[in-house]
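To start, the structure under review is shown below, and the notes come after it.
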Amino acid sequence: METPLSSAASHDTTTRKRPVSPGTVVAALWVPLATAIGVVSSYYVQVIHGDWVDRQQAACRHMPFPKAEHLAAWAGPILGISAVVVCVLLAQHIRRRHGVPLGGTKRGLVAYIGVGPGVLTIPLELFMLWASYSSDGSGPVLGDCG
């Protein structure tokens, strides 16, 4: 004879042993990957800008602004925010499907550790986006082109 407590306990064990879906693994790996790529793209904004200034100085003329800088500037915040959103959705999925908190599974722990630095880098990524659209007060100095 099965009591209500034993049926509830057996139900909990069956929900915790579900197979891992490929989407859950991809989501868990996306969080640290998006965080790292977002930081790299924000750094790349400065690299593109420095190269642009150097090319102007070498050519002794003003050159058009590189569109790749805007692309890299937008990629940083988009990747950073998407990492946080995916981590929150993954936490809800793991809680609903397995009944454990996000850090209770290996995939969840990977996402949880990856989202911490991601939250801290979003302000930097937003600043780099703002800096790419703000005008350079002094402009590039072309040097002695005479």
Side-chain angles (χ1 to χ4, degrees), residues 7-146:
S7 67
S10 67
H11 178 68
D12 285 343
T13 58
T14 59
T15 59
R16 292 177 193 250
K17 300 294 182 185
R18 290 185 184 175
V20 178
S21 68
T24 304
V25 174
V26 169
L29 294 176
W30 171 253
V31 174
L33 183 67
T35 299
I37 293 173
V39 170
V40 169
S41 72
S42 291
Y43 169 74
Y44 198 60
V45 169
Q46 288 297 86
V47 172
I48 293 171
H49 186 75
D51 289 344
W52 174 65
V53 170
D54 291 343
R55 279 184 285 139
Q56 288 186 105
Q57 290 172 344
C60 284
R61 65 183 177 93
H62 291 284
M63 300 178 87
F65 192 76
K67 302 225 184 296
E69 185 173 340
H70 290 299
L71 179 67
W74 276 102
I78 288 171
L79 288 168
I81 292 169
S82 74
V84 174
V85 168
V86 167
C87 186
V88 168
L89 293 174
L90 183 65
Q92 290 175 348
H93 174 75
I94 288 175
R95 167 89 59 191
R96 196 172 41 244
R97 186 170 178 148
H98 300 286
V100 296
L102 184 62
T105 63
K106 291 178 187 173
R107 332 172 265 295
L109 191 58
V110 167
Y112 187 67
I113 290 171
V115 81
V119 170
L120 297 175
T121 61
I122 290 173
L124 166 75
E125 294 161 349
L126 290 172
F127 175 75
M128 294 307 293
L129 177 63
W130 172 79
S132 69
Y133 279 97
S134 67
S135 62
D136 193 5
S138 63
V141 177
L142 295 180
D144 186 18
C145 294

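Fair warning: this is a prediction, and the values are worked out from it, not measured in the lab. Computed from heavy atoms alone, side chains included, the values below leave out hydrogens, waters and symmetry copies.
Every residue meeting the side chain to side chain contact (heavy atoms under 4.5 Å, CB included) condition with L124, not counting sequence neighbours, appears here in chain and number order: M128. Considering only residues two or more places apart in sequence or on other chains, V47 meets the side chain to side chain contact (heavy atoms under 4.5 Å, CB included) condition with Y43, Y44, D51. Evaluation of the ring-ring contact (aromatic ring centres under 6.0 Å, His included) rule for F65 yields W52, H70 as partners, not counting sequence neighbours. Residues meeting the side chain to side chain contact (heavy atoms under 4.5 Å, CB included) test with L71, sequence neighbours left out: none. Evaluation of the side-chain hydrogen bond (donor to acceptor under 3.5 Å, both in side chains) rule for W130 yields no partner, not counting sequence neighbours.
Separation of atoms CG (L129) and OG (S134) is listed at 10.0 Å; rounding is to 0.5 Å. Summarising the geometry, atom CZ belonging to R55 is positioned 10.0 Å from atom CZ belonging to R61; distances are rounded to the nearest 0.5 Å. Here CH2 of W74 is found 12.5 Å from OG of S41. Values are rounded to the nearest 0.5 Å.
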Can you give the donor-acceptor pairs under 3.5 Å from side chains of residues 77-90 to other protein atoms, not counting sequence neighbours?
unit_1 : atom_1 : unit_2 : atom_2 : d
S82    : OG     : W30    : NE1    : 3.4
S82    : OG     : I78    : O      : 3.2
S82    : OG     : L79    : O      : 2.9

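P117 approaches I113 most closely through the heavy-atom pair CD-O, 3.1 Å. Here the closest non-hydrogen pair linking I48 and P66 is CG2-CG, 3.8 Å.
Pairs of residues two or more places apart, or lying in two chains, never qualify as side chain to side chain donor-acceptor pair (under 3.5 Å) while including a residue from residues 116-126.
Side-chain atoms of T35 come within 3.5 Å of backbone atoms of G114 as a donor-acceptor pair (strictly under, hydrogens ignored).
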